[in-house]
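Encoded as structure tokens, the structure appears first; notes follow it.
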Amino acid sequence: MRPRRKNTGGTLIEVLTASFIGSTVLLITISVFIAGMASWLRGQSKINAESQAQNAVRIISQELREAMVVTVDTDGKGLSYRLPAKGSNGNYTVPATWDGVARRIELQGSKIVVTKPSSTRVITEDVILTDPLSTGGSATYKIFTAGPGTIVRSLSVMVVTKTAEYRKETNTSRSRELIFLRNIPDLARG
């Protein structure tokens, strides 16, 4: 007598069940990955919008804190300013005098730029003129608002940026700062 061999293979139903379970696990894994990537892209878009607005306000603030004279446009979309002259050692001259360079910060299209007679530098792009935090989210705002008084000693700067759309979703960010001009009081006395 010959010993009977035991068949170790699976049946067709077992193979189909295993394939179905494996495919389902793979489909769920891919779906979770795609959802995670979409969430990451939305978050990255929001971070980009916030960075643009905050960096723009920071650069404008650094530039204007040292200003001697600031003249804000009536529409609030631009301003002209003068910086004091610096000596050969890099320090401001005393008494403070204008360095002779006419400077301007303004909105050009959707970009905020700093212009000097010899150059133009883009501070930020994707600027919008509607405030998303206003009632209804559609009120316009002024980028530059001069403080009280006839001599500008302080001004408010607000920048709202909007990032590119991801699946028809936009991300906006608003940054605002009150800037006090450092060199005005000395000049106002003289």
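Sequential numbering from 1 along the given sequence is applied to the chain's residues. Computed from a prediction, not measured in an experiment: that's the story for all the values here.
- Between the CZ atom in Arg153 and the CZ atom in Phe180 there is a gap of 12.0 Å [rounded to 0.5 Å].
- With 3.5 Å as the limit, one finds no donor-acceptor pair spanning the side chains of Thr115 and Arg104.
- With hydrogens and angles disregarded, a donor-acceptor distance shorter than 3.5 Å links the side chain of Tyr141 to the backbone of Val160.
- Side-chain contact between Thr163 and Asp126: absent, with no pair of heavy atoms (C-beta onward) separated by less than 4.5 Å.
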side-chain contact (heavy atoms from CB on, under 4.5 Å) between Leu155 and Leu79: does it pass, once the steps are laid out?
CA-CA 11 Å; Leu155 65 122; Leu79 57 80; 4.0 Å; yes
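- At a threshold of 4.5 Å between non-hydrogen side-chain atoms, the residues Thr93 and Pro84 do not count as touching.
- When all heavy atoms of Val72 and Ala146 are compared, the closest pair comes out as CG2-CB, 4.0 Å.
- With rounding to the nearest 0.5 Å, the separation of CG in Leu181 from OG in Ser154 is 7.0 Å.
- Salt bridge status for Arg65 with Glu177: present, with a side-chain N to carboxylate O gap under 4.0 Å.
- Taking OG1 from Thr124 and CD from Gln54, the interatomic distance works out to 11.0 Å, rounded to the nearest 0.5 Å.
- As a member of the Ile/Leu/Val/Met/Phe/Trp/Tyr network built from side-chain separations under 4.5 Å, Ile47 groups with nothing else and remains a singleton.
- Residue Ile143 is not grouped with residue Val113 when hydrophobic side chains (ILVMFWY) are merged at heavy-atom distances under 4.5 angstrom, including chains of intermediate members.
- For Ile13, the CD1 atom counts as loosely surrounded, since its 6.0 Å shell holds 12 or fewer non-hydrogen atoms of other residues, nucleotides or ligands.
- Between the side chain of Ser134 and the main chain of Ala139, a donor-acceptor pair closer than 3.5 Å is present.
- How far CG of Asn171 is from CD of Glu50: 8.5 Å, rounded to the nearest 0.5 Å.
- Counting side-chain heavy-atom gaps under 4.5 Å among Ile, Leu, Val, Met, Phe, Trp and Tyr, the cluster of Leu16 also holds Leu12.
- Between Thr161 and Asn48 the shortest side-chain heavy-atom distance does not fall below 4.5 Å.
- Side-chain atoms of Asp73 never come within 3.5 Å of backbone atoms of Asp75 as a donor-acceptor pair (strictly under, hydrogens ignored).
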So Arg42 and Gln44, side-chain contact (heavy atoms from CB on, under 4.5 Å) or not? Walk me through it.
CA-CA 5 Å; Arg42 280 191 297 276; Gln44 189 64 39; over 6 Å; no
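- Atom OG of Ser156 is separated from atom CD1 of Ile179 by 8.0 Å, given to the nearest 0.5 angstrom.
- At least one side-chain heavy atom of Val114 sits less than 4.5 Å from a side-chain heavy atom of Tyr81.
- You'll find the side chain of Lys77 stays beyond 4.5 Å of the side chain of Val127, heavy atoms only.
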Let's go through Lys116 and Arg121 carefully: what are the C-alpha distance in whole Å and the side-chain angles of both, what is the deciding distance for side-chain contact (heavy atoms from CB on, under 4.5 Å) to 0.1 Å, and is it a yes or a no?
CA-CA 9 Å; Lys116 300 177 191 175; Arg121 176 176 61 131; over 6 Å; no
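- Judged by distance alone, with hydrogens and angles left aside, the side-chain atoms of Glu14 form a donor-acceptor pair with the main-chain N or O of Thr11 at under 3.5 Å.
- Proximity of Asn55 to Arg58: side-chain heavy atoms (C-beta onward) are separated by under 4.5 Å at one or more points.
- At least one donor-acceptor pair under 3.5 Å links the side chain of Lys142 to the backbone N or O of Thr74.
- When side chains are defined from C-beta on, Ile60 counts as touching Ile105, because their heavy atoms get closer than 4.5 Å.
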Derivation of the side-chain contact (heavy atoms from CB on, under 4.5 Å) call for Asp131 and Arg174
CA-CA 8 Å; Asp131 183 3; Arg174 174 182 163 197; 3.3 Å; yes
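- Nearest heavy-atom pair across Ile123 and Ala56 is CG2-CA, 3.7 Å.
- Under the 4.5 Å side-chain heavy-atom criterion for ILVMFWY residues, a single connected hydrophobic cluster contains both Leu41 and Phe33.
- No side-chain heavy atom of Gln52 sits under 4.5 Å from any side-chain heavy atom of Ile112.
- A distance-only check finds a donor-acceptor pair linking the side chain of Ser19 to the backbone of Val15 [under 3.5 Å].
- Judged purely by atom type and a 3.5 angstrom limit, Lys162 has no side-chain atom pairing as donor or acceptor with the backbone of Ser173.
- Atoms OG1 and CG, from Thr145 and Leu178 in turn, are 10.0 Å apart once rounded to the nearest 0.5 Å.
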